[in-house]
Structure formats: structure tokens, C-alpha cells
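Shown next, in C-alpha cells, is the structure this report addresses.
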Amino acid sequence: MDHGSTIIAETPFPSAQATQCPYPLYSALRQGAPVHRIESGEYVISRYADISFVLKNSEIFSSRHCMFDDGWMRKASLQDLDDQSRPWGIVTSDGDVHRVKRMLAMEIFKPAKLRARIPQIEAYIDDLIDSVIERGECEFVSEIAKLLPAKVIMNMLGLPPSDLKRALEWAHYEGFGTRFASPKNQAAARDSVLDMSVYLKEIILKRVDDPGDDDLSQHILRHKEHYGRLDVPNLIAEGMNLFNGGIMTTAHLLASMMMLFLENPEQQAKARASQDNLKNAVEEALRMESPSQFSLRLVRQDTVVGGEPIARGSLVLVIWASGNRDPEVFEDPDTFNVERRNSRDHLAMGGGPHVCAGAPLGRLEALIAFEHIFARMKNIRFAAGKNDFANLDTVLFRGPQRLYIEFDKA
Ligand code: HEM
């Protein structure tokens, strides 16, 4: 067996090893088995070109790849595609249904709306920095990285700040809810999905009678106007996408960015010196440590990917985190380089019709967060002896569980 085959055989996907350090496996897959059938039956697709092909051809590769039965996630089948009796989120719908859902939701992310959000994001990050600055140290993930996007999304949806703790629990378990999670994590994710549905339903019904100027109220009004009626189950599914889509992804981006800056001080210096470099550092961090590592698609018709025939009804698992380190596209792909010219070609925000709806907001939060962190903290370093650098206990998301840092006041 050559080295690559040994890695593939010894590091099944998904597995605890793949969760903690997936990159040697991704590299071996790209080189030796770019379309690789795993034990649970899915085809794992790891090369950039093949992933892009899947993302762009949404008429072949359906996003309706999973179903929820009483909060439990299961694989979708071809029969499920025609079942219109169930609600679908934005991210798991197809065709015209998806186009309308997305069009209605995209109002929230219009450039003028985002510009109006800047002072609020700045105030949140300054408050968070205030809460740790005198101590000269903090646990960055729980004290800053998770809180900033949670506050932003809660404010956007008009959810009361007093529900922050509950919201963080839901967001935490979202990534644990895939079929690839341990039974314990799947059960926690299920509880969280059910609890959140009840909560969102209550909020949505209140907003119908008494809309505010928050984006959830506005989304409900647009929904009612477009469809001529109120479809609460679909609104809950969409609300969950907006809520979950924006919290942990951005939190992991912030935490991974901090890690990358601390591991690469010369790159941090370049990002501090130029806003263009800092903007590109956001893209480099998304490329290097994609917060969401993969997604799935259900194959609607017999097809061929990377020379491999794939039968209709199969599921493909596209690992954008692997495409993002494909040397065919990114020179020296394992190096964090804030001046890389094509960092933004990464697939960390997905691609095709489902490309991340909230991408401009996630990028904006990361940029503002580090502008303020760099302005107020200098000599940022790993806190000695405190870090274990363990990744989250989920193969879907990537980011440090904890990150203890020390710094001086700038
Ligand atoms: C840096 C942070 C982010 C990352 C890495 C990220 C990643 C992604 C990815 C990979 C997808 C595509 C999923 C697929 O095709 O299966 C997606 C879709 C989506 N994201 Fe994000 N996201 C981020 C921030 C946000 C934010 C801040 C929001 C705001 C609420 C958001 C809301 C959404 C929504 C609604 C979709 C579904 C789009 C569609 O299906 O048309 N995301 N995101």
C-alpha cells in the first residue's frame, strides 16, 4: 500500500482522526481517490474542479439531501424530492422554491442594510474587548468569537438579548447534528432543533400580529405578501437557516483567524499594516480553515464526476475544505499567505445557486473584529501551557474548541 492509501484506510471519513486533523486525509483523497465511496455509501468528492462541477449543476445535484423526522436527521431519498408536504429551509430547497426563498431572504443582506449595521458591529466588538482588555488575557472562543456573531444575528432578527445563552446552546449543537455525529451529539442536536422550533414559532406568531423593524419581522411581511398567506413551518425552517447559518460559521472563522495570526506572526504584521491585506486574510482564513468543511447533494440523475459514474439516488459529499487546499488551484496550499492573489477563489462559502447568502455579513464581522482587536491589543500570544488546540467535536465544523490568549493593551 502506498502512503496515501494507508492514510485513507487508517483515517476513515468521518472519524475522530479526520475531525482533529483532516488535511493529510484530504490530500491523500485528492491524489489517490478523488471520488471515494465511504462505508455509509456516500461518494466523497475532494478535488476543487469536481466540487465546483457539483455545486454549479444544481439540476443534477439536489440540495434536498437530508430530512428531519421529529428532529432527527436522516438521509433523503429520491421519493423525498417530490414530497411538498414538508417545510424546507433555504439551504435544503431546490429550483424555483429555492429561488423565491433566497430572493426574499437576500433583502436582509443588501449593501445598504449591511452598511447600516457597521456601527452596531463596532459597538459589540468594542464592548467585548472592554470586557477582557484589563485582564490581559482571555479565552478567545467563548469570550469574543462566539459572542460577536450571536449578538449580531440576535439583533438582526430582533431576538431579546436575554435569550443569548439559549441561542448559543442552539448554535453550538447545530454543527453536531449531522448524521455523521456521535449518538450523544445527535441527541443533543435534536433537542436543540426541537427547542428552537418552539421558540421561533412563538416569536414568528407574535411578529405577525405586531411586526417590528427587525429583519425577521420584515422577512415575515415579505413572505406573506409574496405567497398571499402565512406558512409558519416554512418560516421556522428559514428562520433556523438565518440564525444557525450566521453564528457558528462566523465564530469559527474568527477563532481560526486568531490561531493563524498567532502561528504566523509575519503575516499578522502584514495584516496589521494594510487593510487590503487584512481583507485578504479573511479570505485566506476561510480557505485554510473552512468553518464548514463540507455539504452533501442528492444525485437526481445518473452522472459522472471526475471520471467516476455515479447512479441517481446516490449522495455526494463535497469537501470544500479539501478543494481549498488543492494545489491545482492554490500554489503552496498549506501556507497562510495574506498576499495570495487568488485566496477569494476558495469554496468555503459554497458555490452555485446556494452560495452563502450571509457571506457579506460574515466577512464584514471578521474585518471589523480584527480592525478593532489590532487597534486595541498588541503583542497577542498563545497563553503558555493552557492550549490543547483540540478541534470541535464535529466533523462538519472546523475551529478550536478553546483558545487562550494573552496580550498587551495597545
Ligand atoms: C464566515 C462565515 C460563513 C461561512 C463560512 C458560511 C458558509 C456557508 C456555506 C458553505 C453555505 C452553502 C451550504 C450549501 O450549499 O450546502 C452557506 C449558505 C448559507 N449561509 Fe452561510 N456562512 C457564513 C456566514 C453566514 C452568515 C453571517 C449568515 C447570516 C445569516 C449565513 C447564512 C446562510 C444562508 C441563509 C445560507 C443558505 C443559502 C442558500 O441555500 O441559498 N451565513 N453558508
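Ligands are counted one by one from 1 in listed order, and the atoms in each one are counted from 1 as well.
Residue contacts with ligand 1 for His98 involve side-chain atoms from C-beta outward but no N, CA, C or O (heavy atoms, distance under 4.0 Å). Within the 4.0 Å heavy-atom criterion, both parts of Met349, backbone and side chain, lie near ligand 1. The backbone and the side chain of Ile90 each have at least one atom closer than 4.0 Å to an atom of ligand 1 (non-hydrogen atoms only). Neither the backbone nor the side chain of Ser290 has a heavy atom within less than 4.0 Å of ligand 1.
Using a 4.0 Å heavy-atom cutoff, Ala348 is listed among the residues neighbouring ligand 1.
Every atom of ligand 1 is numbered from 1 in the order shown, and the set under 4.0 Å from a heavy atom of Phe109 is 29 (C), 30 (C). The atoms of ligand 1 that sit less than 4.0 Å from any heavy atom of Arg297 are 14 (C), 15 (O), 16 (O). Atoms of ligand 1 found under 4.0 Å from any heavy atom of Ser295, numbered from 1 in the order shown, are 14 (C), 16 (O). Taking a cut-off of under 4.0 Å to the non-hydrogen atoms of Leu242, the atoms of ligand 1 that pass are 30 (C). Under a 4.0 Å criterion applied to the non-hydrogen atoms of Leu253, ligand 1 contributes the atoms 1 (C). Counting atoms of ligand 1 from 1 in the listed order, those under 4.0 Å from a heavy atom of Pro353 are 41 (O). For ligand 1 and Pro291, the ligand atoms under 4.0 Å from any heavy atom of the residue are 5 (C).
The nearest protein atom to atom 26 (C) of ligand 1, hydrogens excluded, is given as Gly246 CA, 3.4 Å; this is a heavy-atom distance. Regarding atom 13 (C) of ligand 1, its nearest protein heavy-atom neighbour is Val91 CG2, 3.8 Å. The protein heavy-atom contact nearest to atom 3 (C) of ligand 1 is Thr249 CB, 3.4 Å. Protein heavy atom in closest approach to atom 25 (C) of ligand 1: Gly245 O, 3.3 Å. Looking at atom 8 (C) of ligand 1, its nearest protein heavy atom turns out to be Cys356 CB, 3.7 Å.
Ionic pairing of Asp127 and Lys151 is not present here: no N-O contact between side-chain nitrogen and carboxylate oxygen is shorter than 4.0 angstrom.
Screening Asp80, Asp69, Asp231 against Arg86 for a salt bridge (charged side-chain N to carboxylate O under 4.0 Å, His left out) leaves a single residue, Asp69. Partner of Leu286 under the side-chain contact (heavy atoms from CB on, under 4.5 Å) criterion, out of Arg344, His252, Met349: Met349 alone.
Looking at Leu364, Thr250, Ile153, Leu157, it is Thr250 that brings a heavy atom closest to atom 2 (C) of ligand 1. Of all the listed residues (Gly358, Ala357, Ser292), Ala357 holds the heavy atom that lies closest to atom 35 (C) of ligand 1.
Between Tyr227 and His223, the ring planes are tilted. Angles from 30° to 60° get that label. Ring geometry for Phe336 versus Phe261: interplanar angle over 60°, hence perpendicular rather than tilted (30 to 60°). Ring geometry for Phe330 against Tyr48 counts as perpendicular: the plane angle is over 60°, on a 0 to 90° scale with 30° as the lower cut.
Of all heavy-atom pairs spanning Lys378 and Lys409, the tightest one is CE-O, 3.5 Å.
No N or O atom of Ala359 sits closer than 3.5 Å to an N or O atom of ligand 1. The shortest N or O to N or O distance between Trp320 and ligand 1 is not under 3.5 Å. At least one N or O atom of His354, backbone or side chain, sits closer than 3.5 Å to an N or O atom of ligand 1.
Taking the six-membered ring wherever Trp is involved, the centroid distance between the rings of Phe407 and Phe374 does not fall below 6.0 Å.
Remark: side-chain polar atoms of Ser322 are paired, donor with acceptor, to backbone N or O of Ser46 under 3.5 angstrom. No donor-acceptor pair under 3.5 Å is formed between the side chain of Thr92 and the backbone N or O of Trp88.
With Phe61 as the aromatic partner, Arg300 does not meet the cation-pi criteria of under 6.0 angstrom to the ring centre and within 45 degrees of the ring axis.
Judged by distance alone, the side chains of Thr19 and Asn391 never bring a donor and an acceptor atom under 3.5 Å apart.
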- Residues Asp215, Lys113; criterion salt bridge (charged side-chain N to carboxylate O under 4.0 Å, His left out); working and verdict: CA-CA 10 Å; Asp215 283 311; Lys113 281 231 158 210; 2.8 Å; yes

